[in-house]
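Just below is one structure, and these are the notes that go with it.
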Amino acid sequence: MKVIWSAWAKYTYLDILEQLYLKWGISIVEKFELEVNELINKIKDHNYICPKSTSVGLHKCVINKHNSLIYRIADKHIELITFIFNKSEPIF
């Protein structure tokens, strides 16, 4: 299944990368990118691998103890909605 990044997913992903780089350096950024890519590949193969979130039609995947990915499944694609910080109080 094809994966589409929403504009907000791109923005939040890049924001996380920037924060990681400023706080911990390039090795942590690379580790996070690897975790995200592995998760997206798993979602491609197993669309419902992550549990449904509290918001209708969305799924929430924990990337690591600090970050999660919110996505939804459409007819012929998977749309990445946003990346969130797990300690925040998101509506998802």
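Fair warning: this is a prediction, and the values are worked out from it, not measured in the lab. Scope of the values below: all heavy atoms of this structure, side chains included, with no hydrogens, waters or symmetry mates.
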Cluster question for you: counting only ILVMFWY and a side-chain heavy-atom cut-off of under 4.5 Å, with indirect links fine, are Y13 and I70 together?
-> no
How many angstroms lie between atom NE2 of H77 and atom CD1 of I4, to the nearest 0.5 angstrom?
-> 4.0 Å
Any chance you could measure L17, atom CG, to I26, atom CD1, to the nearest 0.5 Å?
-> 8.5 Å
Sub-4.5 Å side-chain heavy-atom contact between L80 and I40 = yes
Please examine the side chains of C61 and I43, heavy atoms only from C-beta on, and report whether any two atoms are closer than 4.5 Å.
-> yes
Spatial distance of atom CD (E33) from atom CG (L20) [nearest 0.5 Å] = 9.5 Å
Calculate, to the nearest 0.5 Å, the distance between atoms NZ and CD1 belonging to K52 and I73 respectively.
-> 9.0 Å
Euclidean distance, K42 NZ relative to I49 CD1, rounded to 0.5 Å | 6.0 Å
For the hydrophobic clusters of this structure (ILVMFWY residues joined by side-chain heavy atoms under 4.5 Å, transitively), does one cluster hold both L69 and Y48?
-> yes
Do the non-hydrogen side-chain atoms of F32 and N64 ever get within less than 4.5 Å of each other?
-> yes
4.5 Å side-chain heavy-atom contact, I81 and R72 = yes
CD on E30 to CD on E35, rounded to 0.5 Å | 12.5 Å
Can you name the closest pair of heavy atoms from I78 and K44 and give their distance?
-> CD1-CA, 4.0 Å
Quick one: does M1's side chain get under 4.5 Å of N47's, heavy atoms only?
-> yes
Is there side-chain contact between Y71 and L58, with heavy atoms separated by less than 4.5 Å?
-> no
Following the transitive rule for hydrophobic clusters with a side-chain heavy-atom cut-off under 4.5 Å over Ile, Leu, Val, Met, Phe, Trp and Tyr, establish whether I63 and Y11 coincide in one cluster.
-> no
Could you tell me whether F83 and W5 have their ring centroids closer than 6.0 angstrom?
-> yes
Any side-chain heavy atom of Q19 sitting closer than 4.5 Å to one from F85?
-> no
Quick one: are N67 and I84 in side-chain contact, heavy atoms under 4.5 Å?
-> no
What pair of heavy atoms forms the shortest contact from S68 to K60, and how long is it?
-> OG-CE, 3.6 Å
Same cluster for I28 and V62 if Ile/Leu/Val/Met/Phe/Trp/Tyr side chains link at under 4.5 Å?
-> no
